[in-house]
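Along the sequence shown, the residues carry numbers beginning at 1. What you see is a predicted model; the values in this text were computed from it and never measured.
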Amino acid sequence: MEERTAFFQSEVTVDAAYLRRTWSNYGKLARARWILALFPLICIIYLAAQHARGGYTSLGIFALAVILLLFAVALPRLVVGQMLGDYRKYRSDGLRRVTLLDDGVETTLVKYDSTVFNTYSEFQRVEEDDKGWYLIRPDRRLIIPKGTTLQGDPAKVRAFLEERLAVCREAPEGNEEDLEEE
């Protein structure tokens, strides 16, 4: 078997902290929970005012309001826990090492000792944000995290990926030998 040269290699641990940091909807959910908490807070204030005036107060409504308030506060943690459970279910949590090779991307899930290889021809475009680079294809995206860099220069990753995708677009269908010649 021929030795492949790695252009870039990084690794990240997929856990609850990583999901909170990288999930784009986490911030929205964390802010929206206070809207969800507004109703129980209004109920508690109303019941406290009723009690202060000596009026009828329902302990059941108070308990329900407290439960809803606790749910609103815990919602982001519950969602991240569910996401992490899904990662565990599909055996994709734990230490993840992503290696950019000349002919494709190799993702190693260290915890499960499994490796997945994708050629650059499977992807349509590259996107980037402060958390990582994303190789996009119609059904999903492959994340190359901006985690701990083991090899290569992170500043050159996007240019490398765009170059590889351009070569794949120019190469005739089914002929990926051009990638190995460069």
Side-chain angles (χ1 to χ4, degrees), residues 8-100 105-116 118 122-150 154-155 157-158 161:
F8 178 79
Q9 187 176 55
S10 71
E11 67 182 17
V12 68
T13 300
V14 177
D15 57 6
Y18 172 79
L19 293 174
R20 278 192 298 275
R21 199 173 52 249
T22 59
W23 185 45
S24 61
N25 292 330
Y26 183 78
K28 295 173 193 171
L29 179 67
R31 288 186 300 275
R33 70 181 175 178
W34 296 114
I35 294 171
L36 180 63
L38 194 58
F39 176 72
L41 284 174
I42 291 170
C43 287
I44 291 171
I45 292 169
Y46 172 76
L47 289 172
Q50 282 289 92
H51 181 70
R53 281 189 269 147
Y56 174 75
T57 57
S58 171
L59 190 57
I61 293 174
F62 179 74
L64 180 62
V66 169
I67 290 169
L68 287 174
L69 185 61
L70 291 174
F71 175 75
V73 170
L75 185 61
R77 180 177 291 239
L78 293 171
V79 170
V80 167
Q82 177 66 41
M83 288 174 58
L84 188 56
D86 288 345
Y87 273 84
R88 286 184 182 127
K89 177 181 174 183
Y90 295 108
R91 299 174 52 108
S92 60
D93 63 316
L95 183 63
R96 178 178 296 181
R97 188 170 298 124
V98 180
T99 306
L100 300 181
V105 181
E106 186 176 84
T107 305
T108 304
L109 303 171
V110 176
K111 180 177 178 180
Y112 300 103
D113 194 30
S114 65
T115 301
V116 176
N118 298 96
E122 297 176 36
F123 302 100
Q124 297 172 333
R125 68 182 188 281
V126 178
E127 294 178 1
E128 178 181 6
D129 64 14
D130 59 331
K131 298 169 189 102
W133 300 274
Y134 308 93
L135 285 169
I136 309 296
R137 60 180 162 202
D139 58 338
R140 64 179 185 192
R141 62 186 186 162
L142 187 138
I143 302 169
I144 303 163
K146 291 184 177 178
T148 304
T149 301
L150 301 176
V157 169
R158 183 169 184 140
L161 291 171

Return each pair, listed once, that meets ring-ring contact (aromatic ring centres under 6.0 Å, His included) where at least one residue sits in residues 123-144; pairs must be two or more places apart or across chains.
Phe8-Trp133
Is [X] reaching over with its side chain to a backbone N or O of [Y], donor-acceptor style, under 3.5 angstrom?
X      : Y     : value
Asp15  : Tyr18 : yes
Arg33  : Leu29 : no
Thr149 : Ser10 : no

With the side chain counted from C-beta on, respond yes when Leu109 and Arg91 share a heavy-atom pair under 4.5 Å apart, and no when they do not.
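No, their side chains stay 4.5 Å or more apart.
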Quick check for you: to the nearest 0.5 Å, what is the distance between Leu41 atom CG and Ile45 atom CD1?
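Reported value, rounded in 0.5 Å steps: 6.0 Å.
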From Cys43 SG over to Gln50 CD, what is the distance, rounded to the nearest 0.5 angstrom?
12.0 Å
Salt bridge Glu128-Lys146, side-chain N to carboxylate O under 4.0 Å:
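Yes, charged N to carboxylate O under 4.0 Å.
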Looking at Asp86 and Arg88, does any basic side-chain N land under 4.0 Å from a carboxylate oxygen?
no
Going through the checks in order, is the side chain to side chain contact (heavy atoms under 4.5 Å, CB included) test met by Arg158 and Val126?
CA-CA 7 Å; Arg158 183 169 184 140; Val126 178; 4.3 Å; yes
For the pair Thr13 and Arg96, evaluate side chain to side chain contact (heavy atoms under 4.5 Å, CB included) and give the outcome as yes or no after the intermediate values.
CA-CA 6 Å; Thr13 300; Arg96 178 178 296 181; over 6 Å; no
Is Asp113 atom CG crowded by more than 12 heavy atoms from other residues, nucleotides or ligands, each under 6.0 Å away?
no
Is it true that, when you exclude Arg77 itself, more than 12 heavy atoms of the residues, nucleotides or ligands shown sit nearer than 6.0 Å to its CZ?
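No - once you tally the heavy atoms of other residues, nucleotides and ligands closer than 6.0 Å, there are 12 at most.
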In terms of side-chain heavy atoms, does Tyr112 have a donor or acceptor partner in Asp93 at a distance below 3.5 Å?
yes
List for me each residue that meets side chain to side chain donor-acceptor pair (under 3.5 Å) alongside Thr99, sequence neighbours excluded, and say none if there are none.
Gln9
By the definition side chain to side chain contact (heavy atoms under 4.5 Å, CB included), identify the one residue from Ile143, Leu142, Thr115 that meets it with Thr107.
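By the side chain to side chain contact (heavy atoms under 4.5 Å, CB included) criterion, Thr107 pairs with just one of Ile143, Leu142, Thr115: Leu142.
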Begin with the C-alpha distance, continue with both residues' side-chain angles, and end with the deciding distance and a verdict on side chain to side chain contact (heavy atoms under 4.5 Å, CB included) for Phe39 and Leu69.
CA-CA 8 Å; Phe39 176 72; Leu69 185 61; over 6 Å; no
Intermediate values then yes/no, side chain to side chain contact (heavy atoms under 4.5 Å, CB included), Leu161 and Leu135:
CA-CA 8 Å; Leu161 291 171; Leu135 285 169; 4.2 Å; yes
